[in-house]
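Structure first, commentary second.
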Amino acid sequence: MKKQILLSLLILMPWLSQAQYNHCGILIPSQKSINKVKDKPSSINSFISIDEAANYIKRIVKQVPDWQQNFVLQERNGINNAYAHIQNGKRFITYDNLFVEALDYQTGTKWASVSVLAHEVGHHYFDHVLDREGSTHSKELEADYFSGYVLAKMGASIAQAKAAMAKLANPYGSHSHPPRNQRLTAIEKGYNTVKPRKKSNPYSGNFYTQQNDVRYVNVQPRSNKLVQATWFFNNGQKVSENLHYSRTTSRGARVYYNNYMQNTRRVELYFFRDGRIREKDIDLKKRRYAWYNFSRH
């Protein structure tokens, strides 16, 4: 008899686990989470009005080149879900305000709700709703891919882009939604298609000096070990030099240098952490030097 009960429980376990998930394969928030959101708006994220949610949608759509929003956002409380659909020939994304806030509460990041909204935007972007045949594994993975792509462009980390799915997605999947591991893989693939943005370098650009014969110097870092400096003179002449990394001073400045004029002169550029640049012009023969300060104007 005990063996039969144990066997029955093993058969029922997948069903019991799936019963806690909504139609989109996301864990339905506990009543405790819902009460927390009701009693005190989340400091992580709070969709106080549909206008605030719409602002997130605009930011999501903005990440996609050559595409205009073609759907309406509507709030419907009590459904514990967010989904894309067509009604009377009109496209919608319908979401439960408490549900998306509870996602953020449970995961500890605002990116959870943003990723779920981005997933639904992805359904419209790929025209998944046009056939009216509902969700399939391939559709859901495409929307997950879109979510990862968009969140990368919005500045989320890979962990933040995966937060909702990693913690709240159904590990087993269903006939309409793939299991958690496949969905996380799709998000990561979308995320990795976005090339990292180049960090702005405070040392690149035109810098002006008080030297009488020089108008400005243009600096372009080529690597951590090399910068190219081009001096533009008042008479129209310009001279370019590749300056190689030498050392870091006790004041934190990185020093790049180059010898010229048959090793009788030397130029050193000092790049300080606060963005200042100074040039040290050294006469190696006479062992004299002069300092020049640069500014951006």
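Index from 1, following the sequence.
- Annotation for Asn224: atom CG does not count as buried by contact number, only 12 or fewer foreign heavy atoms lying within 6.0 Å.
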Discussion item. I'd like to know whether Leu184 forms a side chain to side chain contact (heavy atoms under 4.5 Å, CB included) with Glu188, so could you lay out the CA-CA distance, the side-chain angles of the two residues, the decisive distance to 0.1 Å, and finally the verdict.
Written reply: CA-CA 6 Å; Leu184 289 171; Glu188 187 168 353; over 6 Å; no
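- Note that Arg254 lies in the cation-pi zone of Tyr245, set by a 6.0 Å cut-off to the ring centre and a 45° limit from the axis.
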Practice prompt. Determine, stepwise, if the pair Lys90 / Asn88 fulfils side chain to side chain contact (heavy atoms under 4.5 Å, CB included).
Written response: CA-CA 6 Å; Lys90 198 171 186 178; Asn88 297 325; 5.5 Å; no
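- Across Lys110 and Asp104, no two heavy atoms sit closer than the pair O-OD1, 3.3 Å.
- In this structure a side-chain-to-backbone donor-acceptor pair under 3.5 Å is present from Asn234 to Asn212.
- Taking hydrophobic clusters as Ile, Leu, Val, Met, Phe, Trp and Tyr residues chained together by side-chain heavy-atom distances below 4.5 Å, Trp231 shares a cluster with Met261.
- Hydrophobic clustering, with ILVMFWY side chains joined whenever heavy atoms are under 4.5 angstrom apart, groups Phe99 together with Leu168.
- Rounding to the nearest 0.5 Å places NE2 of His128 at 4.0 Å from CD of Glu142.
- Between Val121 and Phe71 there is a side-chain heavy-atom pair separated by less than 4.5 Å.
- Note: His137 NE2 to Ser176 OG = 6.5 Å, rounded to the nearest 0.5 Å.
- In this structure, Met154 and Gln160 have side chains that are not in contact, with every pair of non-hydrogen atoms separated by 4.5 Å or more.
- Atom CD1 in Ile277 sits 3.5 Å away from atom CZ in Phe207 (nearest 0.5 Å).
- Tyr125 is not connected to Leu141 by any chain of hydrophobic side-chain contacts under 4.5 Å among Ile, Leu, Val, Met, Phe, Trp and Tyr, and they are in different clusters.
- Between Phe146 and Phe126, the ring planes are perpendicular. Angles over 60° get that label, and only those under 30° would be called parallel.
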Discussion item. Does Asp283 form a salt bridge (charged side-chain N to carboxylate O under 4.0 Å, His left out) with Arg265? I'd like the steps, not just the answer.
Written reply: CA-CA 5 Å; Asp283 186 326; Arg265 302 188 74 85; 3.5 Å; yes
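- For Asp96 against Gly78, the heavy-atom pair with the smallest separation is OD2-N, 2.9 Å.
- Between Ile93 and His119 there is no side-chain heavy-atom pair separated by less than 4.5 Å.
- Under a hydrophobic clustering in which Ile, Leu, Val, Met, Phe, Trp and Tyr are joined whenever their side-chain heavy atoms come within less than 4.5 Å, directly or via other members, Trp67 and Val114 fall into the same cluster.
- To the nearest 0.5 Å, the span separating CG on Asn259 from CG on Leu243 amounts to 10.5 Å.
- For the pair Arg266 and Tyr257, the cation-pi test (distance below 6.0 Å, angle within 45°) is passed.
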Discussion item. Is there a side-chain hydrogen bond (donor to acceptor under 3.5 Å, both in side chains) between Ser135 and Glu140? Walk through the geometry before answering.
Written reply: CA-CA 7 Å; Ser135 298; Glu140 295 306 317; 2.9 Å; yes
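- Under a 3.5 Å cut-off, the side chain of Thr185 and the backbone N or O of Asn181 do form a donor-acceptor pair.
- By the 4.5 Å heavy-atom criterion applied to side chains, Tyr83 and Arg76 are counted as neighbours.
- Each of Arg222, Glu241, Gln220 was checked for a side chain to side chain donor-acceptor pair (under 3.5 Å) with Gln228, and the lone residue meeting it is Arg222.
- Exactly one residue among His124, Glu120, His85 makes a side chain to side chain contact (heavy atoms under 4.5 Å, CB included) with Phe92. That residue is His85.
- Minimum interatomic distance between Asn77 and Leu98 (heavy atoms only, all atoms of both residues): OD1-N, 4.3 Å.
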Discussion item. With side chain to side chain contact (heavy atoms under 4.5 Å, CB included) as the criterion, how do His177 and Asn170 come out once you've worked through the C-alpha distance, each side chain's angles and the decisive distance to 0.1 Å?
Written reply: CA-CA 9 Å; His177 286 71; Asn170 189 333; over 6 Å; no
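- Atom CD1 of Ile60 and atom NZ of Lys153 lie 13.0 Å apart (nearest 0.5 Å).
- For Tyr289, the OH atom is loosely surrounded, since the number of other residues' heavy atoms within 6.0 Å does not exceed 12.
- Leu130 forms part of a hydrophobic cluster together with Ile86, Val129, judged by ILVMFWY side-chain heavy-atom separations under 4.5 Å.
- Within a 6.0 Å sphere centred on CD of Gln262, other residues, nucleotides and ligands contribute 12 heavy atoms or fewer.
- Between Tyr260 and Val239, every side-chain heavy-atom pair lies at or beyond the 4.5 Å cut-off.
- Between Phe232 and Asn218 the shortest side-chain heavy-atom distance falls below 4.5 Å.
- Here the closest non-hydrogen pair linking Val217 and Ala229 is CG2-CB, 4.1 Å.
- Scanning all heavy atoms of the two residues, the minimum distance from Tyr292 to Ala290 falls at OH-CB, 3.8 Å.
- Between Ile26 and Met165 the shortest side-chain heavy-atom distance falls below 4.5 Å.
- Atom OH of residue Tyr145 and atom CD1 of residue Ile187 lie 13.0 Å apart, to the nearest 0.5 angstrom.
- Using a cut-off of 4.0 Å between Lys/Arg side-chain N and Asp/Glu carboxylate O, Asp144 and Arg180 are scored as not salt-bridged.
- Proximity of Phe294 to Leu269: side-chain heavy atoms (C-beta onward) are separated by under 4.5 Å at one or more points.
- Not one N or O on the side chain of Lys58 forms a donor-acceptor pair closer than 3.5 Å with the backbone of Gln69.
- The two residues Ala161 and Ala156 have their closest heavy-atom pair at N-CB, 4.4 Å.
- No donor-acceptor pair under 3.5 Å is formed between the side chain of Ser113 and the backbone N or O of Leu103.
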Practice prompt. I would like to know whether Ser138 and Thr136 meet side-chain hydrogen bond (donor to acceptor under 3.5 Å, both in side chains); could you show each step before the answer?
Written response: CA-CA 5 Å; Ser138 60; Thr136 65; 3.2 Å; yes
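- Under a hydrophobic-cluster definition in which Ile, Leu, Val, Met, Phe, Trp and Tyr are linked whenever side-chain heavy atoms come within less than 4.5 Å, directly or via other members, Tyr256 and Val214 are assigned to the same cluster.
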